[in-house]
Amino acid sequence: MDRTCGDSNLVECNQAKAEITLSARELHTGAEFDLQSVQGVMTSSGVNEDGLGPDDCWWGGGSPWGEFKVVGYRDEDFMVDVSGTGVLDDPNVDGRFIFMRCN
């Protein structure tokens, strides 16, 4: 699925998205951030597999968990290593990602 700026609230089952806000001076290779300390929102959905409810998709959101480090930067996007995301019921989305840059 292609991403567009501002679509972090549009998730399908078993999908997670996040949107964060950084200033231009904060965004550089080597910068590290605690996701709970930046202005951001995380939205996710998944199938209830604990046997306590229906097997349909749940939906939730809030402040993102974990950390990320900028490992590469271009005008239109930047590459980050994300870690520490699988907290509480949130999905573990640790790994390397390309974040699109929106103005």
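What you see is a predicted model, and the numbers here were worked out from it, not measured in a lab.
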S.K.: Work out which heavy atom in Ala31 is nearest to a heavy atom in Glu26; give both atom names and the distance.
M.R.: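 Distance-wise, the nearest heavy atoms are CB-O, 3.5 Å.
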S.K.: Side-chain heavy atoms nearer than 4.5 Å, only ILVMFWY residues, links allowed to pass through others: does that put Phe33 and Phe97 together?
M.R.: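 Phe33 clusters together with Phe97.
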S.K.: Check the pair Ile20, Leu35 against side chain to side chain contact (heavy atoms under 4.5 Å, CB included), reporting the backbone distance first and the verdict last.
M.R.: CA-CA 8 Å; Ile20 60 171; Leu35 287 168; 4.1 Å; yes
S.K.: Can you confirm whether Tyr73 sits close enough to Arg101 that some side-chain heavy atom of one is under 4.5 Å from a side-chain heavy atom of the other?
M.R.: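 Side-chain contact under 4.5 Å: yes.
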S.K.: Please evaluate residues Asp94 and Ser83 with respect to the criterion side chain to side chain donor-acceptor pair (under 3.5 Å), reporting the C-alpha separation (whole Å), side-chain torsions for both, the decisive distance (0.1 Å), and the verdict.
M.R.: CA-CA 5 Å; Asp94 292 357; Ser83 62; 5.7 Å; no
S.K.: Just to verify, what does Asp81 make a salt bridge (Lys or Arg N to Asp or Glu O under 4.0 Å) with, not counting sequence neighbours?
M.R.: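 Only Arg96 meet the salt bridge (Lys or Arg N to Asp or Glu O under 4.0 Å) criterion with Asp81.
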S.K.: Given side chains that start at C-beta, do those of Val70 and Phe68 come closer than 4.5 Å, heavy atoms only?
M.R.: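 Touching, per the 4.5 Å side-chain cut-off.
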S.K.: Under 4.5 Å between side-chain heavy atoms, counting indirect links through other Ile/Leu/Val/Met/Phe/Trp/Tyr residues: same cluster for Leu27 and Met79 or not?
M.R.: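 Different clusters.
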S.K.: Answer whether the closest heavy-atom distance between the side chains of Val71 and Thr29 falls below 4.5 Å.
M.R.: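 A side-chain contact is absent here, since even the closest heavy-atom pair is not under 4.5 Å.
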S.K.: I'd like to know if the side chain of Asp34 reaches the main chain of Glu67, judged simply by a donor and an acceptor atom lying under 3.5 Å from each other, with no hydrogens or angles considered.
M.R.: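 The answer is no, because no donor-acceptor pair under 3.5 Å joins these two groups.
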S.K.: Between His28 and Arg25, what is the shortest heavy-atom contact and its length?
M.R.: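 Scanning both residues, the minimum pair turns out to be CD2-O, 3.5 Å.
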